[in-house]
Asks: 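Dropping the structure in here first, questions after.
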Amino acid sequence: MNNTMPVRFKVNGKDYDIQVEPRRSLADALREDCGLTGTHLGCEHGVCGTCTVLVDGQPVRACLMFAVQARGKSIRTVEGLATGDKLHPLQEAFWAHHGLQCGFCTPGFLMLALGALEAEPDISDEDLRHVLSSNLCRCTGYQNILKAVRAAAREMRGA
Amino acid sequence: MGAIGQPLRRIEDRPLVTGRGRYAADNNAPGQLHMRMVRSPVAFGRLRGVNLRAARAVPGVAAIWTWEDVKELPPIDFRVPNRELEPFRQSVLAHNYVRYVGEPVAAVFADDAYAAEDAAELVEVDIDELAPYLDPTMEPPEFMPGTRAEAAVLRKACGDIDAAFSGAHAVIELDLAVGRHTGTPLETRGVFARVDPASGTLVVEGAAKAPHFNCKAIAGMMDLPLEMVRFHEGHVGGGFGIRGDVYPEDVLVCLCAWRLKRPVKWTEDRHEHLVAANHSRDQRFRLRAAVGADGMLLGLDAVIFSDQGAYARTPGLTAPDMACAMLPGPYLVPAYRAVAHVRLTNKTPAGTYRSPGRYESTFARERLMDAIAARTGLDGIEVRRRNLIPKSRMPFGRGIISLGVSIEYDSGDYAGLLERLLASIEYPALRADLSRRKAAGERVGFGLACFVEKTGRGPADRALIEARPDGSVEIVTGAASGGQGVETAMAQIASDVLGVPIERINVVHGQTDRIDAGLGAFASRVTVMTGCAVHAAAEALRSKAIETAAAALAVAPDKLRLSQAVVHGPNGASVSLADVAARSLAGGAPLAAEGRFRSDHMTYPYGIHAAVVRVDTGTCGVHVERFAIAYDIGRAVNPMLVEGQLVGGAAQGLGGALYEEFVYDEAGQPQATTFADYLIPTLAEVPPVQTLITEDAPSLHNPLGIKGVGEAGLTGAGAAIAAAIDDALERPGAVTRLPVTPMRLHALLNDGGRIIPATG
Ligand code: FES
Ligand code: FES
């Protein structure tokens with residue numbers, strides 16, 4: 001099958017010009033065509049949230065969006081979180097609070113939390129729990145993820 | 001202060017939080033092929049033929065294999081050889097019969113993952129359907145002409161069971177079941193294999209759990225010399241016992257890379273994972289218990305049915321064997337007899353899922369403890385107190401053998417832990433609060449479950465260690481990691497001896513070309529077995545460093561000591577470990593040592609889970625409000641990681657208690673094939689888990705006193721939640737089967753009877 005189409009979008013501030021089939025998911029385009037394997041695939045049917053990235057600031061499940069739908073958009077992935085060697089407060093907090101074990105769900109949780117905290121820096125605890133319950137983690141039992149995001153939220157408000 | 005016991009943050013996390021992890025699907029190479037499986041759409045049938053014509057025409061398809069193409073391969077063997085199970089091994093591709101929905105029938109290899117999937121959809125499989133066998137409590141049919149679909153009958157016994165029943169005050173009979181669950185790591189399975197052009201060896205990425213065994217097994221199946229195959233473990237997105245067994249897909253990827261001399265990649269999708277990766281649990285317990293008037297469990301007679309699914313897989317009989325061995329748990333039980341029927345049904349084959357046989361048997365045993373309380377009118381906690389093995393009886397030999405090792409609980413103060421747990425949850429106040437809420441009409445309840453774990457499976461482990469002139473240390477182990485923090489734990493053990501900060505310690509695991517042997521990671525063995533080998537290696541390295549430094553400083557070795565990575569002598573003389581390493585290297589040999597550890601015993605940590613639940617009679621939902629775990633680990637290497645294991649495990653145990661289940665319809669079609677049907681808990685379902693980690697009973701079987709913690713977060717969870725639901729409903733013995741789904745709770749509330757068993 002070779003009916004590919006050109007797509008241009010920005011990922012972490014950098015322009016990417018790729019040629020994809022219309023059916024190619026954004027997640028596959030990021031992982032295979034852009035080489036950004038930090039975005040993971042845990043189910044490819046929209047439940048687990050490991051593929052979460054920000055598209056124009058909104059958390060999106062990259063397995064449920066076609067690459068062509070991201071045309072002209074600005075995407076942020078886990079690879080863009082740190083500034084050089086300096087980790088983002090969310091990354092620091094996940095590390096400090098043991099918010100990850102295998103780390104497979106971590107990029108999705110980081111981007112989900114980033115989207116939520118950027119949209120609503122003073123998010124209530126109840127709303128935060130609600131947001132974080134949209135992604136799955138099979139290792140941690142979530143409590144340390146919640147602690148980490150709360151700590152990062154404090155840090156981000158203070159900064 | 002030494003590094004052991006410190007809640008240090010993990011050395012493995014930086015790549016994982018920055019998106020630079022390297023999981024199986026992150027491997028790529030130019031010219032690679034992608035594999036896609038064609039799987040049986042029916043539960044049982046005679047395979048008449050496979051038509052590949054249309055599929056072959058898809059552009060990009062390089063090869064499609066059916067059984068004819070791989071028939072020289074033997075079926076997949078067991079980690080521990082087992083003649084009895086041999087007839088039930090699985091071939092890498094089906095021939096003659098298909099035996100479960102999801103069984104690999106053909107493998108498509110194409111130069112693009114989407115093309116491989118397109119072609120796989122065009123493969124036509126011709127099957128004459130047969131009636132499936134789905135209920136292992138029914139008489140087993142023939143598996144093959146002349147062979148019954150009963151893979152094994154396990155028997156364990158101790159004490160005089162007949163005498164126990166003849167002297168009993170009461171006999172209690174229970175019929176209990178735990179549903180079919182699995183680990184569902186968030187990373188699905190994946191393999192990447194290529195032939196290294198320089199060496200001509202087959203290099204396999206994506207290994208897990210038991211890389212050395214798997215390497216040997218696959219080399220053997222492909223008839224390659226062992227040195228021609230290398231297995232590498234990268235980052236692993238969760239294992240939980242089910243990832244890293246030898247599966248048909250692993251063999252096919254390796255074989256294709258070898259035959260076609262092209263890199264081959266396979267990434268499982270979630271739908272496949274739920275029908276093709278090992279299932280587990282699914283055990284039914286028929287218990288008869290002889291009980292004294294004082295609530296003592298005098299004798300336990302158990303018949304267990306274990307649903308093995310369609311084939312016997314790499315772990316063999318581990319789960320049913322553990323169920324039989326650990327059913328008596330922390331209680332005296334002077335007479336015991338168990339018979340376990342392991343039967344082959346037309347479902348996904350079963351292996352081991354974290355806490356195999358213990359999650360199930362703990363559910364059964366603790367339901368029995370609650371039933372004894374109900375029958376004798378005693379309080380459930382009091383019944384447990386009376387039956388717990390007293391500290392004075394330690395070490396306690398059960399007089400039965402499991403997995404080739406005699407069961408002997410090495411140490412423990414079970415009753416002491418129970419009192420500490422009750423104090424930590426402020427039990428009297430908790431009870432009073434529940435009574436108030438019950439009186440106000442709320443359906444709330446409390447339950448607890450006691451258990452013994454079985455960790456640190458031997459028999460042996462080995463570690464290599466080397467100090468480098470730049471101040472770093474490398475440790476090479478034969479362990480594996482599913483992401484639990486193995487590198488940090490090993491580094492802490494070495495740091496405790498050498499004083500090198502853990503950030504400067506690099507821990508290698510799962511690389512078959514770095515160390516010639518290793519057992520990997522299962523049965524909560526790594527911290528115990530590999531940890532003690534690392535400890536021995538670090539001590540040997542310290543001795544060598546002191547000898548080398550003694551020559552350099554011209555003092556006797558016994559005047560020197562190593563602390564904070566510096567060798568100190570008399571009068572302030574000192575030389576750093578890095579300098580010692582440099583000197584040693586200049587002298588022609590690296591500063592390196594080896595450590596070995598051997599143990600023919602397993603260690604037996606123990607714990608208690610407690611739960612408070614609220615039942616919503618409108619929605620038939622069960623909300624776990626509080627969850628507490630008390631666990632004696634002997635000695636904690638890193639309490640933060642221990643807590644992480646317990647809390648994460650509790651979430652899985654809660655999933656199995658309330659939500660997760662592989663249900664089949666009467667045709668053997670699996671009903672849970674997405675994450676929308678197989679429901680793993682989210683943050684909304686998992687309450688904060690209160691942990692009480694004690695070090696009262698160090699293991700007697702290793703110099704560090706360590707016991708394992710990999711699985712204990714699950715073991716009592718199903719049992720404790722079941723008891724809490726009974727209490728909330730004020731109907732003792734109501735819950736007889738896990739998970740307690742809303743459907744089952746609805747039936748229970750409306751029938752006024754027992755929770756009905758699921759079909760199939
Ligand atoms: S991979 Fe996208 S939601 Fe699971
Ligand atoms: S850390 Fe493993 S899935 Fe979340």
Asks: Heavy atoms, side chains only, cut-off 4.5 Å: are B:Thr18 and A:Leu87 in contact?
Replies: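 The answer is yes, as the side chains (C-beta and beyond) meet within the 4.5 Å cut-off.
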
Asks: Taking the basic N atoms (NZ, or NE/NH1/NH2) and the acidic carboxylate oxygens, is any pair closer than 4.0 Å for B:Glu660 and A:Arg138?
Replies: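 Here B:Glu660 pairs with A:Arg138 in a salt bridge, since their nearest N and O are under 4.0 Å apart.
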
Asks: How about A:His88 and B:Val17: do any of their side-chain heavy atoms sit closer than 4.5 Å?
Replies: no

Asks: Write out, in numerical order, the residues from residues 121-135 of chain A with a heavy atom short of 4.5 Å from a heavy atom in chain B.
Replies: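 Interface residues of residues 121-135 of chain A: A:Arg129, A:Leu132, A:Ser133.
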
Asks: Side chain from CB out, backbone as N, CA, C, O: work out which of these in A:Thr106 comes under 4.5 Å of a heavy atom of chain B, or both, or neither.
Replies: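 For A:Thr106, the side chain is the part near chain B, not the backbone.
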
Asks: Does anything in residues 63-71 of chain A get under 4.5 Å of chain B by heavy atoms, and if so which residues?
Replies: none

Asks: For B:Val58, is it the side chain, the backbone, both, or neither that has a heavy atom closer than 4.5 Å to a heavy atom of chain A?
Replies: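 Nothing of B:Val58, per the 4.5 Å heavy-atom cut-off to chain A.
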
Asks: Only heavy atoms, only distances under 4.5 angstrom. Which residues in residues 77-85 of chain A are near chain B?
Replies: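 From residues 77-85 of chain A, the residues near chain B are A:Val78, A:Glu79, A:Asp85.
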
Asks: Measure B:Glu12 against the heavy atoms of chain A and call it side chain, backbone, both or neither at under 4.5 Å.
Replies: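 Neither part.
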
Asks: Between A:Ala96, A:Cys102, A:Gly141, A:Cys137, which residue shows the highest count of heavy-atom pairs closer than 4.5 Å to chain B?
Replies: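 Option with the top pair count is A:Cys102.
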
Asks: Do B:Tyr114 and A:Asp28 come close enough that some side-chain heavy atom pair is under 4.5 Å?
Replies: yes

Asks: Main chain of B:Gly644, side chain of A:Gln143: is a donor-acceptor contact present, judged purely on distance under 3.5 Å?
Replies: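 Pair absent, no side-chain N/O of A:Gln143 close to backbone of B:Gly644.
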
Asks: Any side-chain heavy atom of A:Gln101 sitting closer than 4.5 Å to one from B:Gln645?
Replies: yes

Asks: What's the verdict on salt bridge (Lys or Arg N to Asp or Glu O under 4.0 Å) for B:Arg14 and A:Glu92, showing C-alpha distance, side-chain angles and the deciding distance?
Replies: CA-CA 9 Å; B:Arg14 181 173 273 273; A:Glu92 282 288 355; 5.3 Å; no

Asks: Can you confirm whether A:Leu136 sits close enough to B:Thr682 that some side-chain heavy atom of one is under 4.5 Å from a side-chain heavy atom of the other?
Replies: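 Contact flag for A:Leu136/B:Thr682 side chains = yes.
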
Asks: Residue by residue, scan residues 40-61 of chain A and write down, ordered by number, those that have a heavy-atom distance under 4.5 Å to chain B; if none do, write 'none'.
Replies: A:His40, A:Leu41, A:Gly42, A:Cys43, A:Glu44, A:His45, A:Val47, A:Cys48, A:Thr50

